[in-house]
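Input: a single structure, listed below in structure tokens.
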Amino acid sequence: MGERLKIGISCYPTLGGSGVVATELGKLLAELGHEIHFITHSMPFRLGKYHKNIFYHEVGVTDYYVFKYPPYDLSLATKLAQVAKMEKLDLLHVHYAVPHAVCALLARQMVGSDLKVVTTLHGTDITVLAQDESLKDLIRYAINESDAVTAVSNDLIQETKRTLDIEKTIDLVYNFVDKRVYYPRDVSGLKKEFVDRGEKLLIHISNFRPVKRVCDVIDIFERVQREIPARLLLVGDGPDLARLMNVVKDKGLSERVTFCGKQDDVAQVISLADAMLLPSEKESFGLVALEAMACGVPTIGSNAGGIPELITHGETGFLAPIGDTEQMAKYAVQLLGDEELYEKVSKACLDRARNEFCNFNIMRQYEEIYYRVLGREARQTSTV
Ligand code: GMT
């Protein structure tokens with residue numbers, strides 16, 4: 001048996017897929033016996049109850065009156081260094097180049113030991129932030145100076161190299177899903193509260209930002225419900241919410257569209273649905289589509305970014321060019337109107353999610369990267 005590692009994890013703890021991946025990874029690593037220290041400004045939302053081998057260190061921010069903006073990044077770097085020293089951490093695994101990787105590099109310098117830094121790129125740090133000239137050089141620096149860098153899709157690796165002119169090797173480690181949590185739940189009782197007999201339920205879950213193109217979701221739904229009886233469930237919250245509520249009202253769809261805000265039990269909510277809509281402008285992977293896949297719910301969406309690496313068109317969902325809502329609606333009608341096709345696609349979804357994006361396999365890929373940067377032997381672990 002190889003060595004138990006002491007790992008510090010920093011991420012955006014309160015929202016988004018990157019926080020989900022970081023937290024679920026930490027929980028899995030702890031389950032295998034590694035010691036995990038979350039170092040974040042608030043408790044990661046997926047951490048939940050007490051877990052053996054998991055520790056939480058809150059980053060406080062100094063609000064001194066001369067600071068126009070409280071220096072969160074400096075407080076995070078200091079906290080990362082303090083925890084690394086005090087707990088004798090082997091490495092920091094940070095999610096997002098800005099600010100987490102930059103802070104981890106500063107912490108590594110402060111600690112002055114062999115502390116290693118593994119950075120995971122999740123998408124918008126490259127597809128949005130690295131387009132900003134004021135941050136580009138900093139993100140390139142963070143990537144080049146990390147001991148290892150991972151990205152959640154091949155598409156994101158290529159875009160990172162192109163945008164930042166980077167030659168460094170970036171490891172591909174896909175998002176994962178815990179099959180003990182994400183599986184088709186029996187929600188037949190609850191479903192009656194959302195749909196009438198014979199109606200199909202479409203779902204979209206996101207942070208309602210412009211990149212998610214939630215207006216396209218409504219447009220697709222409008223077309224679908226003209227052909228088959230259907231309802232739409234919109235889950236989440238974000239900057240576009242008020243506008244979307246108006247769009248739904250103006251289109252006269254209020255009776256058929258439910259906005260239900262953020263939900264904790266995502267697997268249960270997804271299990272209510274017959275199909276997921278994900279017509280994003282940018283999507284480095286699309287964790288929510290994987291979560292749907294693991295519940296046997298096919299996704300219809302755009303072929304943006306890394307989505308085609310997750311969804312094979314015609315097998316585990318249907319993809320069309322960004323903005324082609326007419327085609328996406330046609331695919332939805334085809335899928336939902338053909339029981340045999342639906343069963344086939346839904347089963348393929350379950351198989352692919354369980355076999356190719358299994359939490360244990362993906363966690364092992366991260367573990368191997370940790371041992372590689374530390375120059376240590378990977379240990380033999382039992383499966384979760
Ligand atoms: O999708 C979002 O807006 C949230 C964002 C995040 O910062 O958490 O998600 C990104 O990371 C996820 C986990 O790796 C990926 O599955 C999402 O595709 C990616 N989002 C985008 O690229 C827009």
Side-chain angles (χ1 to χ4, degrees), residues 9-26 28 40-42 44-46 93-101 118-132 135 139 149-160 163 170-178 182 204-214 216-217 234-241 262 266 270 276-294 299 301-311 317 319 322 353 356-357 359 362-363 365-366:
I9 295 182
S10 200
C11 63
Y12 287 111
T14 52
L15 77 175
S18 59
V20 172
V21 169
T23 311
E24 296 297 340
L25 174 64
L28 283 170
T40 49
H41 61 70
S42 33
F45 70 109
R46 284 281 182 100
H93 184 176
V94 288
H95 297 258
Y96 258 94
V98 176
H100 303 126
V118 176
T119 296
T120 291
L121 304 173
H122 284 274
T124 43
D125 34 6
I126 302 303
T127 56
V128 177
L129 297 179
Q131 313 296 326
D132 180 338
L135 291 174
I139 296 174
V149 177
T150 77
V152 300
S153 63
N154 255 315
D155 184 80
L156 183 58
I157 294 178
Q158 297 319 321
E159 180 149 6
T160 304
T163 309
I170 299 176
D171 291 289
L172 169 65
V173 187
Y174 284 128
N175 285 176
F176 59 89
V177 75
D178 190 334
Y182 288 87
H204 170 79
I205 305 181
S206 78
N207 48 22
F208 292 25
R209 286 184 300 143
V211 286
K212 300 292 175 182
R213 297 182 70 104
V214 189
D216 281 7
V217 170
L234 290 170
V235 183
D237 203 343
D240 285 352
L241 180 64
K262 288 185 188 169
V266 176
I270 290 175
M276 167 74 74
L277 298 177
L278 189 66
S280 308
E281 177 93 40
K282 293 183 191 303
E283 202 67 69
S284 62
F285 182 84
L287 179 61
V288 78
L290 174 58
E291 291 173 338
M293 206 182 236
T299 292
S302 65
N303 53 15
I307 296 180
E309 294 173 52
L310 168 67
I311 297 166
L319 304 179
I322 298 165
E356 294 183 40
F357 301 98
N359 49 352
I362 302 287
M363 189 266 305
Q365 292 173 25
Y366 281 117

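Every value quoted in this text rests on a predicted model; they were computed, and no experiment measured them. Along the sequence shown, the residues carry numbers beginning at 1. In each ligand, atom 1 is the first atom listed, and ligand 1 is the first ligand listed.
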Distance from [atom] to nearest protein heavy atom, with residue and atom:
atom                    : result
atom 9 (O) of ligand 1  : Gly17 N, 4.1 Å
atom 16 (O) of ligand 1 : Asn175 OD1, 2.8 Å
atom 20 (N) of ligand 1 : Glu283 OE2, 3.2 Å
atom 8 (O) of ligand 1  : Ser18 N, 2.6 Å
atom 3 (O) of ligand 1  : Arg209 NH2, 2.2 Å
atom 10 (C) of ligand 1 : His122 O, 3.5 Å

Quick one: which ligand 1 atoms are inside 4.0 Å of a heavy atom on [X]?
X      : result
Leu287 : 16 (O)
Lys212 : 1 (O), 2 (C), 3 (O)
Asn207 : 2 (C), 3 (O), 4 (C)
Lys282 : 23 (C)
Ser284 : 15 (C), 17 (C), 18 (O), 19 (C), 21 (C), 22 (O)
Val152 : 14 (O)

message = For a side chain to side chain donor-acceptor pair (under 3.5 Å) check, start with the C-alpha distance between Thr120 and Thr150, then their side-chain angles and the critical distance, and finish with the verdict.
response = CA-CA 5 Å; Thr120 291; Thr150 77; 2.7 Å; yes
message = If the condition is salt bridge (charged side-chain N to carboxylate O under 4.0 Å, His left out), which residues does Asp132 pass it with, not counting sequence neighbours?
response =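 Checked Asp132 against salt bridge (charged side-chain N to carboxylate O under 4.0 Å, His left out); zero matches.
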task = Please confirm whether Tyr96 comes under 4.0 Å of ligand 1, counting heavy atoms of the residue only.
result = yes
inquiry  = If you apply the rule side chain to side chain donor-acceptor pair (under 3.5 Å), what do you find for His122 with Ser284, and how did you get there?
reply    = CA-CA 7 Å; His122 284 274; Ser284 62; over 6 Å; no
ask   = Out of curiosity, Thr119 OG1 to Tyr96 OH, how far, rounded to the nearest 0.5 Å?
value = 13.5 Å
